[in-house]
Number of protein chains: 4
Amino acid sequence: MGLVKGLKIQKVDQSDSKPSVPLGRKRDNAVDERILESTTEILAEVGYDNMTMDMVVARAKAGKASVYRRWSSKSDLVRDVLSWMNRNSLELDGLPETGAIRSDLLAVLRPHSAAESDRKFRVLAGLGSFLSHDMGQTATGHFELFQPWMEVNRALLRRAIDRGELPPQADVEKALQVIASMAAYRGLIQHEPFDSEFFGSLIDGIVLPALKNPPPSP
Amino acid sequence: MGLVKGLKIQKVDQSDSKPSVPLGRKRDNAVDERILESTTEILAEVGYDNMTMDMVVARAKAGKASVYRRWSSKSDLVRDVLSWMNRNSLELDGLPETGAIRSDLLAVLRPHSAAESDRKFRVLAGLGSFLSHDMGQTATGHFELFQPWMEVNRALLRRAIDRGELPPQADVEKALQVIASMAAYRGLIQHEPFDSEFFGSLIDGIVLPALKNPPPSP
Amino acid sequence: MGLVKGLKIQKVDQSDSKPSVPLGRKRDNAVDERILESTTEILAEVGYDNMTMDMVVARAKAGKASVYRRWSSKSDLVRDVLSWMNRNSLELDGLPETGAIRSDLLAVLRPHSAAESDRKFRVLAGLGSFLSHDMGQTATGHFELFQPWMEVNRALLRRAIDRGELPPQADVEKALQVIASMAAYRGLIQHEPFDSEFFGSLIDGIVLPALKNPPPSP
Amino acid sequence: MGLVKGLKIQKVDQSDSKPSVPLGRKRDNAVDERILESTTEILAEVGYDNMTMDMVVARAKAGKASVYRRWSSKSDLVRDVLSWMNRNSLELDGLPETGAIRSDLLAVLRPHSAAESDRKFRVLAGLGSFLSHDMGQTATGHFELFQPWMEVNRALLRRAIDRGELPPQADVEKALQVIASMAAYRGLIQHEPFDSEFFGSLIDGIVLPALKNPPPSP
DNA sequence: GCCTAACCGAGACGGTACGTCCGGTCTTTTT
DNA sequence: AAAAAGACCGGACGTACCGTCTCGGTTAGGC
């Protein structure tokens, strides 16, 4: 479900005449934020399985109904937390402009602060249990967590092709998938942190060689 | 824990008098298989989180004690199921011998039958919840599921280097990690099947270009 | 709390200067009635415990604040409903004047119409949960529900003693208690209706024999 | 539901041949007792409304499932507690044999010990909320709480008629109802204790006069 | 006619209990 | 002693309700 659908509910049922002013008290956005913030913290501290809704509710100083009014289940809440986390850290700044694709990518991948990196890693590390809580739910489409991140990387790679730094046949989508997969595997399965050694060897050892040497198209 | 430790229990605690005659009824190996089989099916049908031990016990027509006598926990059981699945499909045949690294890799990655691929995919797709069920447990080392598979791939790549098909500086370990990560991401997060298009473009677009064009060592 | 106190709030807190002009919009008495009416109906239909304030509010087409502005809690509302019900049916007519205590009592006890009796019974039958909702609250004194009713009966009995129909030693208070207890037990615990057979045998079999044959004072 | 039905479940589904030995672990009667005991205590301490199932479970050192396996709801549990309480205190001793109906009745009504009386009173006083938790449930038949008690009184009254102490036309059932009603009213509504003054004046002022002076049958 | 305060319906809010469901352990009977 | 069956404790989940608070709007006086 997620935030958006919740809002839709009150607006969707007018079809013709009335502008359908939503009656009653308004949703308090501060509550949304307190809940998301608390959830993020708890995920980082104890992981998905050991996190309980009562913990969230207590730390957010919210009522259970306020949580379930917005998200239909624990997994639904966590799903939203993930996209919210990345939205927060990415939308602040525009694309990096270092002049070379290698440093552009590293600038994005390397988190802005050590604290942020640490938190993101700990959240991800405790997240395994969440991934397919309800099998069919996330079956279509990508996993929200990596989506905004990959958007930025996609733009960087496209720009590098445009200015001739990478060959036009370079398979951008595949490269993006490699980056996302390696990051997910490292956090979710290997439980190792996203340090610069990791990102560096990923870019230099795999991504750039593959992009610069695309296979001859069949 | 797994199968082995369960067996040890009855032999370890008498050391002197009796020549280790196991008293009472013998363990029934058919029970092991019924449980593993049922678990695999249920994993494919509903995923890790929605699978309950009672489901397993009911389908295997076993008792709960019989399960917990062999495996110490739900995750322990599933861990065993996974290596059991891979053992079954890999140990049959030795290394492929096609003469070229490309076809060698594809021969291993491509599953032997469509039905088997489908089941393996569905099990993996419903497995996310399992990955870090207990945060610290699998924190060190790799995930068992991919271990035997990567062993085979490692041997293939080493052989290709030995016979000069790949340069000696090729980073075998990184390549293995790319393969495992991409497979895990596709199954666990994207929930898309392991078809030959996927494996083909992975090998041709990423793995081989990266192996053949290693970065200049710093 | 009840109706009165709600009104008092706006009048009580200025005592000297202003001539106590209540500012703002006036309370709408129609709202009071809609709420009381709805509450009565719902009590008869589902009983105290299964009645929710949201039901009341929905049926009365009122807002929750409008209810809690007048009554401080669910029990407070129901308390008022009960005295309101009895006020309605008793205050209309003065004491009956049949000439004999037996017919006087029956005239009061027997409800005026079958429909009214039925509703009163159903309300009472679903009322148990309410009785000691807050243990200490009604601990002292009698239960309001039967108070006005017993007042009338008390007057009738006194009059009968005065005119010599009952002996002066007759224990009026005990007799009143018997009537109230039997009615409460029948409605609250036995869930059987207040038909004339019940009241008739109560008066003839218990109340009058006891009153006419008081025990020798010790 | 109650205790009995729970047991029936496992025995009811054999119809022809097998003696149907119930498989699996047996219900532990000690658990039943721990739960009933704890419930009684908590009822006496905080009343029905303020008693939570978690309190019961915690004090009884039981699991929630063990409670709900035996009783389908909070009210179901309390219903059973009540008959269990009275069964416990009455079945011990046979009918009293004082020779006169007055002292016989008082011997039964007056509780055996002050502590027992006090507990019984406190349970009853906090019980109001329970009475018609689900309206239709206790609609037919009497309320279990007073049933065993009235059985004893019925026997005493019959015996007194047989030996000529009371006239044969005495309405035993009505007298029993008076006793039960007065006791219920005093505990549930007036919240006053069952002291000997109360029982004494009830017997002497109401019950015996009514029994000894039955109305002329019409 | 405009201002201001209290009202109104609607409904979100914090808090808390309920009854369900599982994981992992323990007990009973049969093999 | 191991098997099937199932009861046991503990604890999280999602629902429902109470009494409070907030929203936009309406209804009166007093100016």
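Being a predicted model, the structure only gives us computed values, none of them experimental. Chain A is the first sequence line, chain B the second, and so forth, proteins listed ahead of strands; every chain is numbered from 1.
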message: Donor-acceptor check, side chain of D:R34 to backbone of D:K61, threshold 3.5 angstrom: yes or no?
response: yes
query: Between the main-chain N or O of A:M51 and the side-chain N or O of A:K74, is there a donor-acceptor pair closer than 3.5 Å?
result: yes
Is any side-chain nitrogen or oxygen of [X] closer than 4.0 Å to OP1 or OP2 of [N]?
X: A:R34; N: E:dG14; result: yes
X: C:R27; N: E:dA5; result: no
X: D:K74; N: E:dC18; result: yes
X: C:K26; N: E:dA6; result: no
X: C:Y68; N: F:dT20; result: no
X: B:S66; N: F:dA4; result: yes
X: B:R69; N: E:dG24; result: no

[X] side-chain proximity, nearest of [options]:
X: B:D28; options: F:dA3, F:dA4, F:dC13; value: F:dA3
X: A:T52; options: F:dC13, F:dT22, E:dG15; value: F:dC13
X: C:A65; options: F:dC8, F:dA3, F:dC21; value: F:dC21

Under-3.5 Å donor-acceptor pair between C:K64 side chain and E:dG11 base: no
message: Does A:R25 contact F:dC21 through a side-chain donor or acceptor facing the base, at a distance under 3.5 Å?
response: yes
- request: Evaluate the side-chain proximity of B:W71 to B:R79: yes if any heavy-atom separation is below 4.5 Å, no if none is.
  value: no
query: NA contact type, A:M51, heavy-atom cut-off 4.0 Å: base, sugar-phosphate, or nothing?
result: sugar-phosphate
- request: Could you give me the CA-CA distance, side-chain angles and deciding distance for C:E45 and C:N50, then say whether side-chain contact (heavy atoms from CB on, under 4.5 Å) is met?
  value: CA-CA 9 Å; C:E45 289 168 17; C:N50 296 325; over 6 Å; no
